[in-house]
Structure formats: structure tokens, C-alpha cells
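Chain naming here is simple, since letters A, B, ... match the order of the sequence lines and numbering starts at 1 in each. Source: prediction; values computed, not measured.
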Number of protein chains: 2
Amino acid sequence: MAHVSAEVRRELLVDAAIRVMIRDGVGAATTRAIVGEANMPLGAFHYCFRSKQELLEQVIAAITNTHLDRALEDVTGDGSMEERLLRGVRAYWDHVVRLPEEHRLTYELTQYAARRPGLREVAQRQYATYLAAHTRVLEALADAEHITWSVPEPVLARYFTGLIDGITLLYLNEGDAVTAGASLDLAAQQIASYARSA
Amino acid sequence: MAHVSAEVRRELLVDAAIRVMIRDGVGAATTRAIVGEANMPLGAFHYCFRSKQELLEQVIAAITNTHLDRALEDVTGDGSMEERLLRGVRAYWDHVVRLPEEHRLTYELTQYAARRPGLREVAQRQYATYLAAHTRVLEALADAEHITWSVPEPVLARYFTGLIDGITLLYLNEGDAVTAGASLDLAAQQIASYARSA
DNA sequence: GTCTATAGGAAGATAGAC
DNA sequence: GTCTATCTTCCTATAGAC
């Protein structure tokens with residue numbers, strides 16, 4: 001592993017940390033486990049990161065970004081309001097069913113972050129970002145379909161975000177992907193029913 | 001602390017563990033912190049519990065029970081379907097706003113449990129129990145009001161449970177109790193709208 | 001920068017006197 | 001049963017040779 005720049009190593013370590021966390025949980029992602037996963041010696045850790053917390057911040061940033069990049073982009077395109085929402089929700093759900101452990105990790109990370117003074121704001125910002133993303137989706141839909149929402153947008157955005165989050169969490173812990181998918185379809189229909197022609 | 005039966009000590013330690021977990025998180029609830037909170041010597045721990053896992057199982061059982069005892073019991077009584085649901089949801093929400101850390105602990109505990117082989121089934125059972133509780137609420141309402149639900153009951157129960165869970169989690173991490181409360185009111189109206197006269 | 005070796009502390013669990 | 005002292009293991013972080 002000679003002659004690999006510290007910057008590249010940082011990325012390799014962040015990726016390795018995410019793999020370990022997905023496989024065994026945040027608690028199992030010790031510095032030893034992470035450098036082991038990346039095939040680096042233990043000492044490499046601390047000239048790439050000042051501390052474990054610094055790594056965690058970068059892990060959270062990486063996870064949040066990949067999620068947002070994919071966040072309900074499928075509501076764009078043709079079709080009625082309900083069709084678009086259904087398409088977006090189902091694309092999200094496919095991802096959850098295919099990679100459940102990746103989604104479990106997002107919950108685990110915010111929880112972990114919420115308990116450490118230095119990371120609490122990071123957790124809060126992460127959730128605020130999800131809320132903002134869903135708000136933007138609602139705004140884009142209203143714009144494209146020339147409608148307004150019959151419920152205040154912040155309330156509807158929170159309803160939407162909480163619904164998706166809650167049904168996902170319930171599925172991760174209890175199972176039954178089919179019923180959960182049906183509940184999400186119901187959610188999309190429900191949101192669509194709040195559209196009023198402007 | 002002489003002459004206190006091991007059985008009483010077990011209860012004292014479970015209560016102490018819950019206090020520590022609410023205050024500082026599940027990760028901070030070490031055997032030392034727990035016996036310290038209960039004003040007992042370290043050695044007491046292991047003649048009250050075979051292991052830390054045994055304590056955790058009892059903590060989870062205690063938390064789940066206190067939550068279920070209070071679960072939406074307020075939907076009984078007078079009023080229309082929507083009034084009853086609003087009453088139940090608001091009673092729940094009052095509790096969340098008054099004791100947020102207690103609710104945060106339930107999420108933290110299931111997550112912790114979901115990662116340990118010996119406790120995974122406990123986490124799953126906990127969520128299944130919440131789902132069953134909400135199903136019973138829906139059934140009781142349908143019965144009392146002589147209606148049927150226009151959506152399959154398992155789907156509606158999952159929708160309901162996920163919605164409440166998700167909005168709560170979002171509030172705990174992001175804040176804004178007022179908007180969150182409004183979203184829960186919306187949830188109650190929404191569920192009520194699925195009633196069809198039998 | 002890169003690695004080996006180790007410091008320094010905290011965790012769960014146990015040994016053994018009383 | 002009850003408690004003190006201790007064992008073992010694993011953690012983050014650093015020291016110091018190359």
C-alpha cells in the first residue's frame with residue numbers, strides 16, 4: 001500500500017467504513033475493523049483523520065449525498081400527479097427492498113450522531129435536508145401540474161417525509177415487503193388527493 | 001444496601017438502566033454506570049443478571065409494556081370517528097412533546113437489539129406488537145361505529161403505524177413540534193376518511 | 001508519509017474474602 | 001448474598017523507527 005496519497009486513502013477508508021457499518025453496524029466500525037477492511041495498517045488511520053469523529057462526519061456526508069442524489073427524481077416526466085408520485089415512491093421502495101441494510105444504516109447513523117455533542121447538529125441538518133428535499137418535490141409537482149396543495153406545504157412535506165421514513169423503518173424491523181409496498185402506494189394516492197386545481 | 005432481595009435489586013437495576021439510557025443513551029449504559037445510578041457496588045450486577053443481555057431484555061420488555069398500556073386508549077368514548085382518532089393521536093402527541101427522550105429511547109433500543117443475534121427477535125416482536133396494537137384500534141373503531149375500512153386492514157394498520165412512528169422520529173431529530181402536531185392531525189383525518197358505512 | 005509497537009483507559013465478567 | 005479487587009479483552013490514540 002505504498003505511495004497512495006493521503007487524500008485517496010481518506011476516500012478508501014470512508015468507503016471501507018461504510019461497508020463495515022452496513023455489514024455489522026455502526027458499533028462494530030472500530031478503527032481496527034475499518035483499516036482491516038481497507039487492507040491498511042492501523043497507523044494509517046490517524047494520519048488520514050485527526051480522530052474517529054472526523055471520519056464519521058465524512059461518512060454521514062457521503063451517505064446523505066448518495067441518498068439525496070436519488071431522492072424521488074422519478075417524479076419528473078409524464079403522467080398525472082398520482083402516476084408521478086407512484087413512480088417516485090416505487091423507485092424508492094425498490095431500492096429499499098434491494099438494499100435494506102444501506103437504509104438501516106442511515107437510521108443508525110443519525111441516532112449515533114444525535115447522542116454526541118459534536119455531531120448532534122449534523123444529525124439535525126441531515127433530517128432538515130430530507131425535509132427540504134421532499135418540500136422541493138412537492139413544489140415541483142405543483143408547478144408542473146399547475147395546482148396548489150390544499151394543505152399547508154410544510155405540514156404536507158412533514159406528513160410525506162414521516163410517512164416514507166416510518167413505513168421504511170417498520171419494514172426494516174418487522175418485515176413484510178408486500179404490505180409495506182401497498183402502504184406506500186396508498187401514501188402516494190393520499191398525497192395526490194391533496195392537489196387542488198389552481 | 002444490605003438485605004435487599006435479589007428480585008428487588010433486579011427491578012431497581014432495570015429502572016436505573018432506563019434512567020441512564022434516557023439521560024445519556026444506550027451506549028452509555030455500561031454496567032458501571034447502571035450500578036452507580038442505583039447506588040450499588042459493581043459486583044451486584046452479576047448475581048442479579050447472568051449477563052448484560054439479560055438486563056437489556058428486561059429493559060425492552062418494561063419499555064414496551066408501559067408504551068402499550070397507554071397506546072391510543074383515548075380512542076374509546078364518544079364522538080365521531082374523526083373526533084376519536086384526533087383525541088387519541090393528540091394524547092399520544094402530548095406525551096411525545098412532554099417526554100421526548102423516553103420516545104427516543106424506544107427507537108434506540110430496537111436499533112440496538114436489531115444488531116445483536118440474541119436480541120434480534122426481541123426487536124422484531126416489539127414492532128409486531130405495535131402493529132398489532134394499531135390493528136386492534138382500527139378494529140375497535142370499525143366495530144363501534146359500524147363501518148368497514150375501504151382499504152385492507154393490514155395495509156391501513158401499517159400506514160397508520162408508520163405514519164405515527166415516522167412523524168415522531170422526524171420531530172425528535174429535527175424539531176418543530178407545532179408543524180409535527182399538525183401533520184399528525186392530518187393523519188387522523190386521513191385515516192378517518194377511509195371509513196365506509198357497512 | 002508509512003508503518004510497528006505500545007500507551008492508557010474502559011468495557012464485561014469473575015474470584016474469592018466475608 | 002454481598003462486596004472489593006482483579007482478569008481479560010478491546011478500544012482510540014500516539015511514539016518513534018524508517
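A search for salt bridge (charged side-chain N to carboxylate O under 4.0 Å, His left out) contacts involving B/E153 returns nothing, not counting sequence neighbours. Applying the salt bridge (charged side-chain N to carboxylate O under 4.0 Å, His left out) criterion to B/D176, with sequence neighbours excluded, gives A/R158. The salt bridge (charged side-chain N to carboxylate O under 4.0 Å, His left out) test applied to B/R98 returns no partner, not counting sequence neighbours.
For the pair B/Y47 and D/dC3, the criterion of a side-chain N or O lying under 4.0 Å from OP1 or OP2 is met. Taking side-chain N and O atoms only, A/R10 has no distance below 4.0 Å to OP1 or OP2 of C/dG1.
Contact annotation for A/A6: backbone-only contact, meaning every heavy-atom pair under 4.0 Å involves sugar-phosphate atoms and none involves a base.
Following rounding to the nearest Å, B/M40 (CE) and D/dG1 (P) show an atom-to-atom distance of 13 Å. For A/E7 and C/dG1, the CD to C1' distance is 15 Å, given to the nearest whole Å. Following rounding to the nearest Å, B/L13 (CG) and D/dT2 (P) show an atom-to-atom distance of 11 Å. As a whole-Å value, the separation of A/D24 CG from D/dC11 C1' is 16 Å.
Annotation: side-chain hydrogen bond (donor to acceptor under 3.5 Å, both in side chains) contacts involving residues 19-29 of chain B, sequence neighbours excluded, comprise B/R19-B/E37, B/R23-B/E37. Listed by first and then second residue, the ring-ring contact (aromatic ring centres under 6.0 Å, His included) pairs that reach into residues 16-47 of chain B are B/F45-B/F49, sequence neighbours excluded.
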Heteroatom pairs (N/O) under 3.5 angstrom, protein to nucleotides 11-13 of chain C:
residue	atom	partner	partner atom	Å
C/dG12	OP1	B/K52	NZ	2.8
C/dG12	OP2	B/T31	N	2.9
C/dG12	OP2	B/T31	OG1	2.8
C/dG12	N7	B/R32	NH1	3.0
C/dG12	O6	B/R32	NH2	3.1
C/dA13	OP2	B/H46	NE2	3.1
C/dA13	OP2	B/K52	N	3.1
C/dA13	O5'	B/H46	NE2	3.4

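Transitive grouping of hydrophobic side chains (ILVMFWY, heavy atoms separated by less than 4.5 Å) keeps B/W93 and B/L86 in distinct clusters.
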